[in-house]
Structure formats: C-alpha cells, structure tokens
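In this chain, residues are counted from 1 in sequence order. Atom set for the values below is all heavy atoms of this structure, side chains included, hydrogens, waters and symmetry mates excluded.
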Amino acid sequence: MDAQSFLAATLVAHIGFAIFVTIHAHMTGRDADKWPFVTLAFGLAGIAAYFFYDETTDSGRL
C-alpha cells in the first residue's frame with residue numbers, strides 16, 4: 001500500500017470513528033463533550049478514552 005492510500009484509509013477510518021462516538025453519545029444520552037474531536041485526531045485511542053475515561057473520582061477530582 002502506498003503512502004497516499006494509507007493516509008486516505010486512515011482519514012476515512014478516523015472520520016468513521018468520530019461519527020460512531022457522536023452517534024453513541026446521542027443514543028445513550030451521554031455528553032459527547034470533546035471526544036469526537038479526540039477520536040478524529042487519535043482514532044482508536046480516542047474511542048478507548050471515550051468509553052473508559054471517568055472525569056470524577058470519589059473526591060471529585062481527576
């Protein structure tokens with residue numbers, strides 16, 4: 001696979017992942033906040049962060 005094809009496939013995948021995060025947040029009533037943008041930039045890492053990042057702990061701090 002040449003570099004241009006790889007970059008195009010990566011761009012399409014990241015856009016699809018960001019759309020998935022946005023739709024999932026809307027369907028579950030969850031606030032998407034910054035996660036579609038993070039997912040657009042970082043792909044699967046953004047999806048993992050969206051699902052596993054918890055903004056608060058017991059003390060209310062990060």
Please table the atom pairs, donor to acceptor, closer than 3.5 Å between any side-chain atom in residues 7-25 and protein atoms at least two apart or in another chain.
from	atom 1	to	atom 2	distance (Å)
Thr10	OG1	Phe6	O	2.8
His14	ND1	Leu40	O	3.0
Thr22	OG1	Ala18	O	2.9
His24	ND1	Tyr50	OH	2.9

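Residues satisfying the side chain to side chain donor-acceptor pair (under 3.5 Å) criterion with Asp31, sequence neighbours excluded, are absent altogether. For Phe42, the side chain to side chain contact (heavy atoms under 4.5 Å, CB included) partners are Val38, Ala45, not counting sequence neighbours. The side chain to side chain donor-acceptor pair (under 3.5 Å) search around Thr28 returns none, not counting sequence neighbours.
Taken together through direct or relayed side-chain contacts under 4.5 Å among Ile, Leu, Val, Met, Phe, Trp and Tyr, Phe51 and Met27 form parts of separate hydrophobic clusters.
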